[in-house]
Amino acid sequence: MYQAVHLAAECFPIAKVGGLGDVVGALPKYLTAAGIKTCVMLPRYNQKWNATHTSTPIHHGVISAQNFHIHYFIHKIPDADFGFDIYWVDIPEYLFRDGVYGYRDDALRFLFFQQAALGWICTWNKKPDVLHCHDHHTGLVPFMIHNCPCYSMLSGIKTVFTIHNGLYTGAFPVEYSKFFPDFPYQSKGLLEWDDVINPLASAIKCCDRLTAVSAGYLDELKFQSNPMNWLYNEYWQKSKGIVNGIDTDVWNPETDANLTVKLDDDWDTFKDENKKAICESMGLNPELPLVVYIGRLNTEKGAEILTQAIHRFLYQNRIFNFYILGSGADFLEDNIRHLSGTFPNHVANYIGYNEALAHKLYAAADFLIMPSLVEPCGLNQMYAIRYGTIPIVRAVGGLKDTVVDYGGENGYGIRFNRADIGDIISSLYRAAVLYKDKALFQKVRKIAVGLDFSWTTTVKQYIELYKN
């Protein structure tokens, strides 16, 4: 049987910071169901999920380079019903932290994680056909299996590298090369970009196939201004944009245990009852349309201009309610609290991460807004559509690939072009017009909920990629 090993820093529900975790938690399940034997290897963090699930140590090894030796352990998680095997790489002094990222030694943490994973795979009697690496945290794998003699037995394995967010490269000083296994001096150019070791750049150079999580985002990496334009164009022949799917078992309005009311064919009742429950819990009027924002609070996601746009919009009129769920930059969290304080009858918020509440909001909302400056793929717009919520998005990256404006034939969303306050406000007024026209609103929603963004469709492209 064809076998693929996925290496990643996140995997829902074990450890999730953003969309990377959702993808790694779903894609392997659908690959396995399609006949590709798949497993995931990720670091063992000190996460809440660990406390309720057991693991079995199955391997012990040592990473050695120059004057240090680091012990690592591989754990299998036997009691989790994922539909694929999960393995933890356990390096207690480096990986077992409360958070996934944000530590001063992140470069070493993920460098050692990759070495430990490869060290264990070297002991396998039957080697996998593909190593599928996700983002810069695993970007050094293609280099190491082809250039480090200690992994030479893996050099025949093909590698796929997927870029979930090209803004993060994982770069670190060249001096850190002393923490690598031995490799020929003449290979160091495959590691470097702008005089530093750059895992993202190295992966682009060394992998057999390169994917981005949407065709639109791949085009932006190649043609819009960014420090690695040349590199993306140099290796364009091995690159492909594949839009992410969503796990329709997890995101299913008919079975979702998080919801006040589940879907039973009647979309009007489903939406009305869930919106009523959310609005009453926060003191909002359920008769008004509800717009939600769910995600990280940072400039990249457009959260800064969104808070300004909502503030200006509500000063002009009070025809919408807003609910913002997320966390991030302190000043943006403060802006949202100020919004709620200024407009307590029209703006609710939850500062933090709350998966159950996110499900409730997708079911309750009339509109989801995503004013992203950068959006490699975006999953939220697909979750929203699955729950009968109309997306309002900036036409960028994967949002441009997955949302068609309702002004055109068979459209099911609202798109705007510029990342500015004026375009956001104009889109909100378009949403108000759409909501008021009940017949048109129901027509647009009917088109949306009839779409298929499942992994079942997307996974076929990955299987073709593997086999080619």
Side-chain angles (χ1 to χ4, degrees), residues 10 12-13 15-19 21-22 47-49 98-100 102 250-251 253 256-261 271-286 288-311 313-314 318 320-372 375 378-384 386-393 424 428:
E10 303 175 33
F12 176 81
K16 173 186 168 180
V17 175
D22 286 324
Q47 297 276 302
K48 292 180 179 178
W49 194 91
D98 292 343
V100 176
V250 174
W251 298 94
D256 194 333
N258 298 293
L259 304 185
T260 302
V261 174
K271 298 298 292 184
D272 289 347
E273 292 299 318
N274 281 290
K275 181 164 75 168
K276 182 179 178 181
I278 283 289
C279 288
E280 288 183 349
S281 71
M282 300 303 295
L284 305 177
N285 179 2
L288 296 180
L290 174 63
V291 180
V292 301
Y293 172 88
I294 301 170
R296 293 193 298 276
L297 302 177
N298 58 25
T299 302
E300 174 191 335
K301 295 292 185 182
E304 185 171 3
I305 56 173
L306 177 63
T307 55
Q308 296 173 35
I310 293 173
H311 197 273
F313 182 84
L314 288 175
R318 308 293 168 86
F320 274 2
N321 291 326
F322 297 88
Y323 199 128
I324 300 170
L325 164 62
S327 63
D330 290 342
F331 81 98
L332 290 174
E333 293 182 359
D334 289 341
N335 285 354
I336 290 164
R337 293 187 184 99
H338 177 70
L339 266 180
S340 295
T342 306
F343 305 102
N345 296 321
H346 292 275
V347 181
N349 73 73
Y350 182 100
I351 303 301
Y353 170 75
N354 189 321
E355 187 78 16
L357 178 57
H359 285 246
K360 288 180 170 66
L361 290 177
Y362 286 120
D366 298 295
F367 300 95
L368 170 86
I369 190 161
M370 297 179 70
S372 306
E375 195 63 68
L379 295 173
N380 291 11
Q381 77 278 14
M382 299 185 223
Y383 299 148
R386 177 84 164 140
Y387 283 65
T389 295
I390 306 303
I392 305 171
V393 305
I424 293 174
L428 290 173

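Computation of the quantities below employed the complete heavy-atom set of this structure, encompassing side-chain atoms and omitting hydrogens, waters and symmetry-equivalent molecules. The first residue in the sequence is number 1, and the count goes up from there.
- In this structure, the salt bridge (charged side-chain N to carboxylate O under 4.0 Å, His left out) partners of Arg337, at least two apart in sequence or on a different chain, are Glu333, Asp334.
- Here the closest heavy-atom approach between residue Arg318 and residue Leu288 is recorded as O-CD1, 3.7 Å.
- Checked by atom type and distance alone, the side chain of Arg386 never pairs as donor or acceptor with a backbone atom of Met382 at under 3.5 Å.
- Proximity of the aromatic rings of His359 and Tyr383 is defined here by a centroid distance below 6.0 angstrom, and this criterion is not met.
- The two residues Ala365 and Thr389 make their nearest non-hydrogen contact at O-OG1, 2.9 Å.
- With sequence neighbours left out, the side chain to side chain donor-acceptor pair (under 3.5 Å) criterion links Asn274 to no other residue.
- Using a 30° and 60° split on the angle between ring planes, Phe343 and His311 fall in the perpendicular class, above 60°.
- Minimum interatomic distance between Tyr387 and Val250 (heavy atoms only, all atoms of both residues): OH-O, 4.1 Å.
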Donor-acceptor pairs are to be reported for all side-chain atoms of residues 277-286 against protein atoms at under 3.5 Å, with residues two or more places apart or in another chain.
| residue | atom | partner | partner atom | Å |
| --- | --- | --- | --- | --- |
| Ser281 | OG | Ile278 | O | 2.6 |
| Asn285 | OD1 | Glu287 | N | 2.9 |

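- Taking Asn349 as the reference, Ser340 meet the side chain to side chain donor-acceptor pair (under 3.5 Å) condition, with sequence neighbours excluded.
- For Lys275, the salt bridge (charged side-chain N to carboxylate O under 4.0 Å, His left out) partners are Asp366, not counting sequence neighbours.
- Every residue two or more places apart in sequence or in another chain was checked for a ring-ring contact (aromatic ring centres under 6.0 Å, His included) with Tyr293, and none qualifies.
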